[in-house]
Structure formats: structure tokens, C-alpha cells
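All of these numbers come straight from a predicted model, not from anything done at the bench. Chain letters run A, B, ... following the sequence lines, proteins first and then strands; every chain starts at 1.
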Amino acid sequence: MTVRTRFAPSPTGFLHIGGARTALFSWAYAKKHGGEFILRIEDTDVARSTPEAVQAILDGMQWLGLDYDQGPFYQMQRMDRYKIVIQSMLAAGSAYYCYSSKEELEALREQQMAQKLKPRYDGKWRPEPGKVLPHPPADIAPVIRFKNPQDGVVAWDDLVKGRIEIANSELDDLIIARADGTPTYNFCVVVDDSDMGISQVIRGDDHVNNTPRQINMLRALSEIDSSIQVPQYAHLSMILGGDGQKLSKRHGAVSVMQYHEDGYLPEAVINYLARLGWSHGDEEVFSKQQFAAWFDLDHITPSAAQFNTEKLNWLNAHYIKQAEPTALLADQLQRLALRGVLAPDTAKLSASIALYKERVNTLNELADGLVYFFEKPSLDAAAVEKHLTPDVMPVLVELSAALNACDWQAEAIHQAINDAVTKNGLKFPKLAMPLRVALTGTAQSPSIDQVMAILGKAEVLARLQAVLK
RNA sequence: GUCCCCAUCGUCUAGAGGCCUAGGACACCUCCCUUUCACGGAGGCGACCCGGGUUCGAAUCCCGGUGGGGACGCCA
């Protein structure tokens, strides 16, 4: 049997970190087994679904490089198919019309909660042999309910959590079509997973409780069409925020595209997400391809995992260091433009990226650190006071002259500084620090001779002149 | 409330009854490197939720407790 997995988000918001990991694992499972990965947009909640959200999900997947073999399929475009299946269930007696009003149901729920019972449909309109149903009220448009088995248990061997059993007595007859005729989530999923030949359903933990209902519907459907099979299920635990709390819209859940904006490389986010809840021995740093080759459901942790920005930073720093400067060029051009640096010299930009990328966690930090290569820095007052002391001024004057005559290479520049240091009986930092402050504005920078080599002779002399006045 | 799930360093995790004196990674601390800050290198701190049981032997298996999470929609 060919492996087919799917990622099935509902377009009610952006692609967040939890959804991204679910997609990543589904993607990897399909790749590992030479199967197909399908994207399906579950947009049956017309009131909450938006085209913007669809686009945001597509953008997020593209940024992460989670390519799908089929889709995106849209459930709203499959209405005809759902209606046919519902009709067949009605005909087979595995579904029925229910005329209970929303108000009636609400009252029932409250009553049950008050009695500390699990709120469930009371089966008023459920047909049974020998049972006499009430007369359908004329003013109520009926919903359609699935006739769930009442006895026995539903069990499956979850690929992550092991065997799970739920008694049918815990389940009630769920609504599969609303009063307006549109089908609901649990029903659409079942039809789609079946029609699309999904072999493994890999999804979030929060769907564990839907699984027995879906299995029951699949079984009812297989009574009608014997080719219909129940897929395997793998339920991934959720990702918690850095504080151990559940991620939600108002608490810590952000779009994966926010990570892009914040200066994270997709390689880093993928690598980080892969290691969140999954492991391959002691391996920590690996590519998406390596992940796909290694991936298996056996090594997924069943417990929830807390998001840790520090570790993401570490991975991001690794991937930035590893990147070729030219690969970062386009990105840095954009980020520098945001910082007011327009059309910088490309050779100079490449050289400064090469020098600076070794020391940053994010692409924004990189861009921040690059600015002074292209614009005169404003000098940090504390650093000026500490390092640009009156006694070094004459040495700087002397050095300026030497630099002016210097062959403009880091080696030669270093030599010129060294000569000035020796001649004046100083230690190297005594001159390097004032230079650093004068040229970069701060007391922290890469090797000052290398910075100077990139800045260029004219610019270095001009910046020195500015502090000597 | 009912049902379901989960439980190893602060965090992510290794761990399939003896390889465990519980390993790795991030973070933190110390030292080294050094031209400042980083990077890098070497060390260090630091955990099996509790209680029973099974067994010659339990982080690992079973039971109970506790704690955390999820679900209980004409949402997905």
C-alpha cells in the first residue's frame, strides 16, 4: 500500500508553529516511505475561513519548503461529493434527521452539566426498531446525525500513543450536516481521508477524541462500500509556549512567517521543529533531507514539548555561520533597506557579511551589525569617554598618517597599528579600542583591522578625522 | 463534572529489565584562545513526580496517588 499523508489546516488564521510541525512530520513520513504528501484546506466553516488565511498557510509552507505532491484541495469544492455520501448513509440507515432546536440542545447541555454529566445528545430523534418518533415540527430545519453504535468499544493502535480504547457509550450521535445542509468537520474528514487514500493520519493531539467517531463513520461507510478502509493514526502532542503554557492567539502563538521577519532561516526552524518531540539518538543538527531519511514515528515523544527560543537561536546562528555570504545577500539587502541603507556596494556587503555572520543569532542582528559599514555611526557616549581619551589622540593622528601611506590590506593595516603601538610603548588594545569606537561607534566589533579593510581607506581616515577635531 | 492522554536535568531529549556511577544538546558557571564583544575549545552545575507491587535486578513492567494537558459545538 502506498503511503499517503496529508496536512489539513482550517484557514481561520496563519500557519503557527504547531501546525508547521504537524505538516513537517506528515511531509517527512511521506518522503521517508516514498509516498505522497497532500495539502487539504478544511474551509467548511464559511464564517471563519478567509482567503487571506489560505494564502498565509500557503506562504508559510513555501517558506519552510514543505512541498506537497497533491493539492491544495478545498473542502468547499467537494460539497457535491459530501452530499452524495450523506444520502447514501441516510438510505443505509446510518444517519438520520434530527429536529431538536439549538435552544433545546443548549438547555439539555446545561442540565447535564448541572448534574455533572458529560454533555451528550439524548437521542430523541434517533430511530430504533419499535421506537415511535415524535412528529417533525414544521418550523425547524433538521440537521443530520450519524447513528453511532451504542455498545462495545472503539480501539486503535495509535502510532505515537499506543493502544487507545474508548467506549461507544461515551460517544453520542454527532451532527454530520447542519440545518443549512453543509457538512461538518468530522464527516468531511472521513470522506476526504477515504477518497484521498490517506494511509496515515498524522495530526495534533486535540483530535484524539474525534478519532473514535471517525472510525465509526468509516466503518459505517465500509458497510456501503467495502473498499473503504480505516487509516492508521498518529497523534502528535502539542507544543507549549516558552512559559509552559498553551499557545493561543492571545498567548504566544505566532505565524511561522513571523520567524522569517525576525531573522530566522527556514533551515533552522525546520531543524528545531524536527527535534521538538522527535529524536534520532544524539543527533541535533541536520538538514530537512536528512530528517526525511531518518524520520520514524517510533521516536516521537508522546508528551507535550515546550518551545525554547534559545535553542532555536543556537541553531539559527549555526545555519547563518554555515551560509555562503552570497546566499545571504538578497536577504540583507532587504533588511538593510529597512534600516535606511539603500543600494550598498555589493562587494563590500559580501565582505562585511562574511566577517559579521560568525557572531550573530539572527539575520536582523546581522543587518544591525552591518549598518556602520555603510553609514557613519553615531558614537556611544560611554565608549567615547572610556576609550577616546586625550592621551591617545596624538597616537591616532600619527596612525592616520601611517594609514594614509598604507597598502590597504588587513595585514598591512594590522602592521601599521602594531608599529604605532610599539613606537609609543603601548599595548595593542590601548590603540585598538579607540579605533574601534571611532570607526564603529561601539566598543564591540570584529577584528578592527578587518573592519578597516572593508571600510576602505578614505572612509577610515574620514571617521578618524571626525573624532580628532 | 465525565472521558481520554501525558510525566527523566531550567528546556529539548537518549533510554525497549542488568550496558545507568542515568548519556547528548540548549541555557547557565569556570577556564583557555584573544584586539573588545562574539565565535571556537576544555571543564563544571544539573533530572528518573510520589507510593506500592512484579523481579535476583526497575528510569524502563503492573497498580494506586499526585500533578499537567486535551476533549466534551449546527468550530476545525
Side-chain angles (χ1 to χ4, degrees), chain A residues 8-12 42-45 47-49 75 98 100-102 105-106 109 112-120 141-145 158 160-162 164-167 169-172 174-180 182-186 188-189 204-212 235 237-238 240 242 244 246 272 275-285 298-299 301-315 317 321 356-361 369 383 387 414 417-418 421 427-433 435-437 440 442-450:
Chain A
S10 70
T12 55
E42 311 217 319
D43 54 358
T44 53
D45 185 357
R48 296 199 304 151
S49 299
Q75 289 187 324
C98 165
S100 294
S101 69
K102 282 186 184 180
L105 260 14
E106 184 56 37
R109 190 172 300 130
Q112 286 166 329
M113 291 287 262
Q115 288 175 55
K116 307 202 172 192
L117 293 170
K118 188 174 186 169
R120 283 157 35 168
V143 298
I144 299 169
R145 286 185 186 270
D158 196 275
V160 171
K161 293 177 183 291
I164 299 178
E165 282 190 8
I166 288 163
S169 57
E170 290 295 329
L171 275 21
D172 63 359
L174 76 165
I175 292 170
I176 60 175
R178 303 178 176 91
D180 65 6
T182 58
T184 59
Y185 166 76
N186 275 106
C188 296
V189 166
D205 221 347
D206 47 340
H207 288 293
V208 167
N209 296 274
N210 289 326
T211 306
H235 287 100
S237 60
M238 54 188 311
L240 272 21
K246 185 192 179 181
Y272 179 73
R275 274 296 280 108
L276 203 56
W278 176 84
S279 62
H280 187 75
D282 288 340
E283 300 291 343
E284 295 286 352
V285 182
D298 297 337
H299 289 84
T301 316
S303 54
Q306 203 169 311
F307 192 89
N308 183 242
T309 307
E310 254 103 44
K311 190 158 184 180
L312 207 212
N313 283 344
W314 172 73
L315 279 167
K321 271 181 279 193
Y356 217 90
K357 74 185 173 73
E358 308 297 318
R359 46 200 302 121
V360 296
N361 284 330
H387 299 291
H414 185 82
I417 300 171
N418 234 347
V421 162
K427 299 257 189 203
F428 197 96
K430 182 65 186 166
L431 187 52
M433 288 310 290
L435 267 177
R436 181 166 281 125
V437 174
T440 73
T442 77
Q444 298 90 42
S445 83
S447 274
I448 196 60
D449 42 20
Q450 300 203 50

J.: Flag the pair A:Asp45 / A:Ser10 as yes when at least one side-chain heavy-atom distance between them is below 4.5 Å, and no otherwise.
T.: no

J.: In terms of side-chain heavy atoms of A:Ser10, which of B:C6, B:A14, B:A76 is nearest?
T.: B:A76

J.: For the base of B:U35, is there a side-chain donor-acceptor partner from A:Arg436 under 3.5 Å away?
T.: yes

J.: In whole Å, measure the gap between the P atoms of B:C6 and B:C63 for me.
T.: 12 Å

J.: Within the 4.0 Å heavy-atom criterion, would you say A:Pro9 contacts the bases, only the backbone, or no part of the nucleic acid?
T.: nothing

J.: For B:U36, does the base pair up with any side-chain atom of A:His387 as donor and acceptor (N or O, under 3.5 Å, distance only)?
T.: no

J.: Do A:Thr182 and A:Arg178 have side-chain atoms, one donor and one acceptor, less than 3.5 Å apart?
T.: yes

J.: Give the ring-plane orientation class for A:Tyr272 versus A:Phe307, where under 30° counts as parallel, over 60° as perpendicular and anything between as tilted.
T.: perpendicular

J.: Just checking A:Thr442: base, sugar-phosphate only, or nothing, at a heavy-atom cut-off of under 4.0 Å?
T.: nothing

J.: Base, sugar-phosphate or nothing for A:Leu276? Non-hydrogen atoms, less than 4.0 Å.
T.: sugar-phosphate

J.: Mapping A:Ala304 and A:Arg178 onto RNA chain B by nearest heavy atom, which one lands closer to the 5' end?
T.: A:Ala304

J.: Let me know the distance between OH of A:Tyr185 and P of B:C72, rounded to the nearest Å.
T.: 11 Å

J.: Going by purine N1 to pyrimidine N3 plus the second Watson-Crick contact, or the G-U wobble pair, all under 3.5 Å, which nucleotide sits opposite B:C20?
T.: none

J.: Could you please name the option among B:U2, B:C74, B:A25 that lies closest to any side-chain atom of A:Glu170?
T.: B:U2

J.: Considering only atom P, compute the distance from B:U55 to B:A14 and round it to an integer number of Å.
T.: 30 Å

J.: Using a cut-off of strictly less than 4.0 Å, decide whether A:Thr44 has a side-chain nitrogen or oxygen near OP1 or OP2 of B:A76.
T.: yes

J.: So A:Ile417 and A:Ile448, do their side chains get closer than 4.5 Å, heavy atoms only?
T.: yes

J.: Nearest whole angstrom, please: distance from the P of B:C20 to the CG of A:Asp282.
T.: 13 Å

J.: If we call it a pair only when both distances are under 3.5 Å in a Watson-Crick or G-U wobble match, what pairs with B:A42?
T.: B:U30

J.: Contact class for A:Val143 vs. all strands (heavy atom < 4.0 Å): base, sugar-phosphate, or nothing?
T.: base

J.: Indicate yes or no: at least one non-hydrogen side-chain atom of A:Val285 is less than 4.5 angstrom from one of A:Trp314.
T.: yes

J.: Looking at B:G15, I'd like to know if its phosphate oxygens (OP1 or OP2) sit under 4.0 Å from a side-chain N or O belonging to A:His299.
T.: yes

J.: Side-chain N or O of A:Lys321 less than 4.0 angstrom from OP1 or OP2 on B:G40?
T.: yes

J.: When the distance from CG of A:Leu117 to P of B:C72 is rounded to whole Å, what number comes out?
T.: 17 Å

J.: Any base atoms under 4.0 Å from A:Ser100, or only sugar-phosphate, or nothing? Heavy atoms, all strands.
T.: base

J.: How would you label the contact of A:His235 with the nucleic acid (heavy atoms, under 4.0 Å): base, sugar-phosphate, or nothing?
T.: nothing

J.: Just checking A:Pro302: base, sugar-phosphate only, or nothing, at a heavy-atom cut-off of under 4.0 Å?
T.: sugar-phosphate

J.: Below 3.5 Å, does any donor atom in the side chain of A:Asp205 face an acceptor in the base of B:G70, or the other way round?
T.: no

J.: Students often get this wrong, so: under 4.0 angstrom with heavy atoms, is A:Ala179 touching a base, only sugar-phosphate, or nothing?
T.: base

J.: From B:C26, B:C75, B:C4, pick the nucleotide closest to the side chain of A:Arg48?
T.: B:C75

J.: Quote, to the nearest angstrom, the P distance that separates B:C45 from B:G24.
T.: 12 Å

J.: Between B:G24, B:C12, B:C72, which nucleotide gets closest to the side-chain atoms of A:Glu284?
T.: B:G24

J.: Which whole-number value in Å describes the distance from A:Met238 CE to B:C4 C1'?
T.: 15 Å

J.: Mind calculating the distance between CG (A:Leu105) and P (B:C72) to the nearest angstrom?
T.: 15 Å

J.: Without decimals, in angstroms, what is the distance between A:His207 NE2 and B:C75 C1'?
T.: 11 Å

J.: Closer than 4.0 Å, any side-chain N/O of A:Arg109 to the OP1 or OP2 of B:C74?
T.: yes

J.: Distance check needed: B:A27 P versus A:Leu315 CG, whole Å only.
T.: 10 Å

J.: Counting the atoms with a prime plus P, OP1 and OP2 as sugar-phosphate, which does A:Lys161 contact under 4.0 Å by heavy atoms, base, sugar-phosphate, or nothing?
T.: sugar-phosphate

J.: State plainly whether the residues A:Arg145 and A:Asp172 are in salt-bridge range, i.e. N to O under 4.0 Å.
T.: no

J.: Specify the residue among A:Gln115 and A:Ser447 whose closest nucleotide of RNA chain B lies further upstream toward the 5′ end.
T.: A:Gln115

J.: Less than 4.5 Å apart, any side-chain heavy atom of A:Val189 and any of A:Glu42?
T.: yes

J.: Taking any strand in view, what nucleotide pairs with B:U36 in a Watson-Crick or G-U wobble way, both distances under 3.5 Å?
T.: none

J.: Between A:Ser279 and B:A14, is there a side-chain N or O to OP1/OP2 distance below 4.0 Å?
T.: yes

J.: Between C1' on B:G73 and CG on A:Asn210, what's the gap in Å once rounded to a whole number?
T.: 11 Å

J.: Only pairs with both distances under 3.5 Å count, Watson-Crick or wobble alike; so what is the partner of B:A25 in this structure?
T.: B:U11

J.: Could you tell me whether A:Asp43 contacts a base, only the sugar-phosphate backbone, or nothing, with contacts defined as non-hydrogen atoms closer than 4.0 Å?
T.: nothing

